[in-house]
Each structure stands twice: as structure tokens, then as C-alpha cells.
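Position 1 is the first residue of the sequence, and the numbers go up from there. Side chains are part of it too, since the values below use all heavy atoms of this structure and drop only hydrogens, waters and symmetry mates.
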Amino acid sequence: MPSDADAVIPLEHTDLGTTITTEPPSRITVTTAPAHGAHIRRTGGDSPAGAVAVAAGTVLGPWQLSSIASAGYTEIPVHRAPRVAVISTGSELIDPAGTPRRGEIPESNSVLLAAAAAAAGADLVTVTTVADDEAALSSLLDGIDADAVILSGGASVGAFDVVKAVLDRTGSIEFGPVRMQPGKPQGFGADEAGRLFFCLPGNPVSVAVSFETFVRPALLAMAGRTVIDRPRVHRTAATSWRCPPGRAQFLPVLLDETTVRPATAGGSGSHLVTSLAVAQALAVIPADTEQVVEGDIVEVMVLS
């Protein structure tokens, strides 16, 4: 602004309109009287000196980058996306497009975990499956350069639970039951190289719930995010359902503005994959609750 000016007149408020000309006019007629101080952008009008343009923990998209550049910065410190490997274990697993023979099932956990990790901002370095073979799993893990490894299956107490056999007591990795349903068998810790290991159950709903409760918050924290938990709301139970004694229940549910109900009529089994396709949230029921009764107030973790 020129020092003596106290208003700005838009071009369209003159007789020049928006006509393009290469020669400056000798005079301009103002067609709309300006108000004092009109169209002036004053120092600090966007934000005052010293104000935070983009808060720590914010995901940097195009709008945030614009704010950073407008504040006069070309470089800022950031957290990189965590590098994540996803491994599904099980000799019974086949390609989803294949035809299962006796004792085989389509492999879906790596699909779920890879998509969930990517949605959480992770950089996927490996997505694969491995049979129930200790040597094969050990060889695969030796070749992975990642910040975190997410495994599904083989984390329980079976004789062929290869994940537990290979990783238990490696570094700080430990296995043990968690008082939740689904998702009771879990393993977690870091190996000697500092890689985090999330060893999840094998049933798909257990995998989905375990990712939401344990893995997603950790990945967001690794990326420097300050908000790592899903939002929670309270809704009224639209129907009654049973809860596992002594274990917190995470039930895929549907909800509206006032009520919540199970996503399927089949109950809370960890194999009920169809419930994942329609669920909008997880009902979080305390371990000391034996039954949710229609009309009860239920805490809900909102997923979408």
C-alpha cells in the first residue's frame, strides 16, 4: 500500500472494468465510491505474529503446505511415515481367487491389514503370506527392513503356532492372553534391531479389532500424530446381546443418531467377516458386563 492511501478500489469499480490493455490510461473514473479502509489486508489480519500456522502432529496436505509457505518457510521438521510389513501365517491360506480344497480358506487378513495400515498413513514395504514353517518365517523376517511388522495367525497356544515359536522371548517380545473378545491371543514387543512386532490372532474379526485397539494408535504415534484414538460416543442399545464373562467385548455394530445394534444377527464370533463389511463402529463393553440389555447406554468407538 502507498503510505498515504487508506482504501483500495477494485478494478471492476472503475470505467476500466476488466478490459485488458497494454497501455496505462491517462485517467481512471471511479464508478463506486470507496469506503474508508476498504479492501485493505492489514498486517496480522490472517494470524498475529508468533501464532502457530500448522500445529505439531498435523498431517501435511496441500492446504497445510500452503499455510507453511505463506508463513515464510520452505523446510520444517516432520515425522516420516512408519515403514510397515504385513505377514499372514498359515499353511491353510490360499489366494482369494483360488478354489479352496479340504482344509483351505481364502487369505484375507493381509488384505485387511495392508489397507488398514495404509489408511493410517503407513508406508507398506512388504505384504505377503507364509506357511506354518519356522524356518520359512525366520528367513522372511531376517530380510525385512521395517519399523513395524504386523503378523496374523500363529500367536496362540497351538503346537503349530509358528509366530509364537519363532518370536517369543526375542528381544522384548512376549505372548499372552488379553482380556478382550475377540482378540484374546496377542504378542507384542521389539526385537534386537528395534523393530516393533504386533502378533495378532488369525480370525478376521479378531484381526480387525486388534488393529483398531493396538496397532493403529501405535502407527499414528510413530508418525508423530497427537490424536491417535478413534472418537467415542454413547448410544442406546436398540436390542439385547450377551457378553463374554470376564473379557471386554469389542462388537462390530451399526449406529444412528440415538441407537446402536450388532452389525449382524450372528453374534460376536471372530469368524463373522460379513459384520466387518457393514459395521460403522465397535461397541466397547466392559469386562464386568454379562449382558447388554435393550435401553442400556453403550460406549461406541466410531470407525466411519
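Linking Ile, Leu, Val, Met, Phe, Trp and Tyr residues whenever their side-chain heavy atoms come within less than 4.5 Å leaves Val59 and Leu219 in two separate clusters. In terms of hydrophobic clustering, with Ile, Leu, Val, Met, Phe, Trp and Tyr side chains grouped at heavy-atom distances under 4.5 Å, Leu112 and Leu220 are assigned to different clusters. Hydrophobic clustering (ILVMFWY, side-chain heavy atoms < 4.5 Å, transitive): Met301 and Leu276 are in one cluster. Note: the hydrophobic cluster containing Val298 does not contain Leu254 (ILVMFWY, side chain heavy atoms under 4.5 Å, direct or indirect links). Placement of Val127 and Leu113 within a single hydrophobic cluster is found when ILVMFWY residues are connected by side-chain heavy-atom separations under 4.5 Å, directly or transitively.
The shortest side-chain heavy-atom distance between Ser152 and Thr89 does not fall under the 4.5 Å cut-off. Side-chain contact between Asp133 and Val162 is absent, with no heavy-atom pair separated by less than 4.5 Å.
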Quick one, Val130 with Ile87, criterion side chain to side chain contact (heavy atoms under 4.5 Å, CB included). Give me CA distance, side-chain angles, the key distance, then yes/no. CA-CA 7 Å; Val130 64; Ile87 303 172; 3.8 Å; yes
Dump the intermediate steps for side chain to side chain contact (heavy atoms under 4.5 Å, CB included) on Leu60 and Val78, then the final yes or no. CA-CA 9 Å; Leu60 298 184; Val78 298; 3.7 Å; yes
Can you list the steps and then say if Met180 with Phe214 is a side chain to side chain contact (heavy atoms under 4.5 Å, CB included)? CA-CA 12 Å; Met180 61 186 292; Phe214 302 124; 3.5 Å; yes
Check against side chain to side chain contact (heavy atoms under 4.5 Å, CB included), Leu151 and Leu167: CA-CA 11 Å; Leu151 298 108; Leu167 292 175; 4.0 Å; yes
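Once rounded to the nearest 0.5 Å, the distance linking OG of Ser67 with OH of Tyr73 reads 13.0 Å. Here the straight-line distance linking atom CG of Asp161 with atom CD of Glu134 works out to 10.5 Å at 0.5 Å rounding. Atom CD in Glu92 sits 9.5 Å away from atom CD in Glu107 (nearest 0.5 Å). Note that CG of Leu282 and CG of Leu255 are 10.5 Å apart. Values are rounded to the nearest 0.5 Å.
Judged by distance alone, with hydrogens and angles left aside, the side-chain atoms of Ser91 form a donor-acceptor pair with the main-chain N or O of Asp132 at under 3.5 Å. Judged by distance alone, with hydrogens and angles left aside, the side-chain atoms of Thr289 form no donor-acceptor pair with the main-chain N or O of Ile285 at under 3.5 Å. Using a distance-only test at 3.5 Å, with no hydrogens or angles considered, no donor-acceptor pair links the side chain of Asp147 to the main chain of Pro82. In this structure a side-chain-to-backbone donor-acceptor pair under 3.5 Å is missing from Asn203 to Val205. Between the side chain of Ser70 and the backbone N or O of Ser66, at least one donor-acceptor pair lies under 3.5 Å. In this structure, Asp296 contributes its side chain and Val293 its backbone to a donor-acceptor pair below 3.5 Å. In this structure a side-chain-to-backbone donor-acceptor pair under 3.5 Å is missing from Arg247 to Arg179. Looking only at distances, no side-chain donor or acceptor of Thr31 sits under 3.5 Å from a matching main-chain atom of Asp15.
Listed by chain and number, the residues in a ring-ring contact (aromatic ring centres under 6.0 Å, His included) with Phe211 amount to none (sequence neighbours excluded). Annotation: salt bridge (Lys or Arg N to Asp or Glu O under 4.0 Å) contacts of Arg101 (sequence neighbours excluded): Glu104.
When all heavy atoms of Ser210 and Gln186 are compared, the pair lying nearest together is OG-NE2, 2.7 Å. Nearest heavy-atom pair, Ala155 versus Phe175, reported as atom, atom and distance to 0.1 Å: O-CD2, 3.8 Å. Residues Ala117 and Leu124 come closest through the heavy atom pair CB-CD2, 4.0 Å. Nearest approach of Ser275 to Ala263, heavy atoms of both residues: O-CB, 3.8 Å. Taking both residues in full, the closest heavy atoms of Ile228 and Arg216 are given as O-NH1, 3.7 Å, listed atom of the first, atom of the second, then distance.
Checking Gln64 against Thr58 by side-chain atom types alone, no donor-acceptor pair falls below 3.5 Å. Between the side chains of Thr259 and Asp256, a donor-acceptor pair is found at a separation under 3.5 Å. In this structure, a donor-acceptor pair under 3.5 Å is absent between the side chains of Thr129 and Ser88. Residues Ser240 and Gln291 bring no donor and acceptor atom of their side chains to less than 3.5 Å of each other.
Within 6.0 Å of CD on Glu299 lie more than 12 heavy atoms contributed by other residues, nucleotides or ligands. Annotation: Asp46, atom CG; neighbour count of heavy atoms from other residues, nucleotides and ligands within 6.0 Å does not exceed 12.
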Side-chain polar contacts of residues 190-202 - donor-acceptor pairs under 3.5 angstrom, sequence neighbours left out - could you list them?
unit_1, atom_1, unit_2, atom_2, d
Asp191, OD1, Ala193, N, 3.1
Asp191, OD1, Gly194, N, 3.1
Asp191, OD1, Arg195, N, 2.9
Asp191, OD2, Arg195, NE, 2.8
Asp191, OD2, Arg195, NH2, 2.8
Arg195, NH1, Leu141, O, 2.8
Arg195, NH1, Ile144, O, 2.9

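One finds no salt bridge joining Arg83 and Asp123 here, because no Lys/Arg side-chain nitrogen approaches an Asp/Glu carboxylate oxygen to under 4.0 Å.
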